Amino acid sequence: MPTIFDFQPQLYQCHSEETLSEAAKDEYFRLVGRVAEDGLEQIFPLDAMSEERETALRELRKAGFIETAVQYHGSDGHFYHVTLNTPKTEPMHNGGKRERFETGAVRDTDEGKPHPEYISPFATERLATVLAEGAKKYGPFNYQKGIPASRILASLHRHLMKYQQGSTEEDHLGHLAANVVFLLHVDECCKRGILPDSLLDLPDYSVIPGVHENGDIAYEHE
């Protein structure tokens, strides 16, 4: 089943679509956020559907992000069926090197592949707790919509300062980790073309003249 990560290009496309209202964009992010739990087809009671939400869903259908249908469910009444269009998938990558197990099973080796299992489960729990708090405040996957790097870095520095001061009013170390995740996300998604490069709004120090080892500014002999 597709996950939210499979939808990243379409999330960016939706976010960048100027013809869509903000309500429609927010609705699409909510629908994608429910994919892992509810699947590609999501069902909502028609009598609980607000006019604003129906309008947002019509916009998304017209833009090609979803398909919709109203179905009668017997004594339960009418329900609104929303089906997210499946992201395009790439064929399975053939890594070349394979490993055979004593059972006879064969699969590609894990050479050169990332190992998320190396991340401490205790660190993961602290990070996940902070992300859960953020989801309650801003909505699930809010940071994945794209936050300017400068804003993330400013928050990171504030939590680092508070942690250095010994403050325990919040899990400042957990928030530090979350901000690092946010920076990694926006940096990688910008490199992949999923998010706009304008989010990487940090100073460009490459334009500053180089210096010699003694600290003097480099110059050219005429």
Side-chain angles (χ1 to χ4, degrees), residues 1-90 127-152 155 178-179 181-201:
M1 176 183 293
T3 68
I4 187 172
F5 300 104
D6 298 307
F7 279 92
Q8 288 292 0
Q10 287 175 210
L11 284 169
Y12 172 54
Q13 180 185 352
C14 180
H15 180 74
S16 305
E17 182 57 65
E18 295 182 357
T19 61
L20 287 176
S21 66
E22 290 302 316
K25 295 176 183 179
D26 290 342
E27 181 63 32
Y28 187 65
F29 282 108
R30 278 194 293 270
L31 291 170
V32 172
R34 295 169 58 119
V35 165
E37 182 177 352
D38 297 337
L40 293 174
E41 183 178 6
Q42 299 173 26
I43 305 172
F44 310 98
L46 188 59
D47 57 5
M49 185 73 62
S50 67
E51 183 177 344
E52 181 183 13
R53 191 172 194 187
E54 281 195 78
T55 301
L57 291 171
R58 282 196 294 271
E59 288 185 57
L60 292 172
R61 180 185 62 199
K62 185 177 180 181
F65 290 102
I66 63 172
E67 302 294 334
T68 63
V70 176
Q71 296 181 14
Y72 182 61
H73 287 204
S75 59
D76 293 328
H78 288 83
F79 284 77
Y80 209 101
H81 287 243
V82 177
T83 304
L84 282 80
N85 289 330
T86 308
K88 295 180 181 179
T89 56
E90 299 294 332
L127 172 62
T129 299
V130 170
L131 293 178
E133 294 171 355
K136 288 181 181 179
K137 188 174 181 180
Y138 304 109
F141 307 108
N142 174 70
Y143 76 91
Q144 296 192 17
K145 298 178 183 180
I147 300 174
S150 61
R151 296 291 298 276
I152 300 171
S155 176
N179 277 293
V181 168
F182 299 166
L183 275 175
L184 286 169
H185 175 79
V186 73
D187 184 79
E188 186 63 24
C189 286
C190 287
K191 288 177 179 177
R192 297 188 184 200
I194 297 171
L195 290 173
D197 288 340
S198 58
L199 293 176
L200 298 177
D201 59 346

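Model, not experiment: these values are computed from the prediction.
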Item to check | Minimum side-chain heavy-atom gap F44-R53 below 4.5 Å | outcome: yes
Next on the checklist: According to side chain to side chain contact (heavy atoms under 4.5 Å, CB included), who are the partners of S75, at least two apart in sequence or on a separate chain?
Outcome noted: none
Item to check | E41 CD: over 12 foreign heavy atoms closer than 6.0 Å | outcome: yes
Item to check | Considering all heavy atoms, the nearest A178-L131 contact | outcome: CB-CD2, 4.3 Å
Item to check | Closest non-hydrogen atom pair, L200 against D187 | outcome: CD2-CA, 4.0 Å
Checklist outcome for this item: Rounding to 0.5 Å, atoms CG (L20) and CD (Q13) come to a distance of 9.0 Å
Checklist outcome for this item: Closest non-hydrogen atoms of D197 and C190, given as atom of the first, atom of the second and distance, are OD1-O, 3.3 Å
Next on the checklist: To the closest 0.5 Å, what do you measure between CG (L60) and CD1 (I66)?
Outcome noted: 4.5 Å
Next on the checklist: Let me confirm one number: the CG-CG distance from L84 to D38, rounded to the nearest 0.5 Å.
Outcome noted: 10.5 Å
Next on the checklist: For R34 and E37: C-alpha separation, side-chain torsions, deciding distance, then whether side chain to side chain contact (heavy atoms under 4.5 Å, CB included) applies.
Outcome noted: CA-CA 5 Å; R34 295 169 58 119; E37 182 177 352; 5.5 Å; no
Checklist entry - Do the side chains of Q8 and H185 get nearer than 4.5 Å, heavy atoms only? => result yes
Item to check | Non-hydrogen atoms of V32 and F7 that approach each other most closely | outcome: CG1-CB, 3.7 Å
Checklist entry - How about C14 and F65: do any of their side-chain heavy atoms sit closer than 4.5 Å? => result yes
Item to check | E22/K25 ion pair, N-O < 4.0 Å | outcome: yes
Checklist outcome for this item: Interatomic distance, CD@Q144 vs CZ@F182, rounded to 0.5 Å, equals 9.5 Å
Next on the checklist: I want to check something: taking the side chain as every heavy atom from C-beta on, are L11 and F141 in contact at a cut-off of under 4.5 Å?
Outcome noted: no
Checklist entry - Minimum heavy-atom separation for Q42 to L31, with atom names? => result NE2-O, 2.9 Å
Checklist entry - How many angstroms lie between atom NE2 of H73 and atom CG of D76, to the nearest 0.5 angstrom? => result 8.0 Å
Item to check | With D201 via side chain to side chain contact (heavy atoms under 4.5 Å, CB included) - residues at least two apart | outcome: P148, A149, S150
Next on the checklist: Counting neighbours of CD on E51 that are heavy atoms of other residues, nucleotides or ligands and sit closer than 6.0 Å, is the number greater than 12?
Outcome noted: no
Checklist entry - Considering only heavy atoms from C-beta outward, does the side chain of L46 approach that of F79 to under 4.5 Å? => result no
Checklist entry - Which pair of non-hydrogen atoms, one from S155 and one from N179, has the smallest distance, and what is that distance? => result OG-ND2, 3.2 Å
Next on the checklist: Counting C-beta onward and ignoring hydrogens, is there a side-chain heavy-atom pair between M49 and L57 closer than 4.5 Å?
Outcome noted: yes
Item to check | Pair R30 + D26, salt bridge at N-O below 4.0 Å | outcome: no
Checklist entry - What distance do E52 atom CD and S21 atom OG have between them, rounded to the nearest 0.5 Å? => result 8.0 Å
Item to check | H15, Q10, E59 screened by side-chain hydrogen bond (donor to acceptor under 3.5 Å, both in side chains) with Y28, the one that passes | outcome: Q10
Checklist entry - Between E133 and K137, does at least one N-O distance fall below 4.0 Å, as a salt bridge requires? => result no
Next on the checklist: Closer than 3.5 angstrom, by distance alone: can the side chain of N85 be matched with the main-chain N or O of G64 as a donor-acceptor pair?
Outcome noted: yes
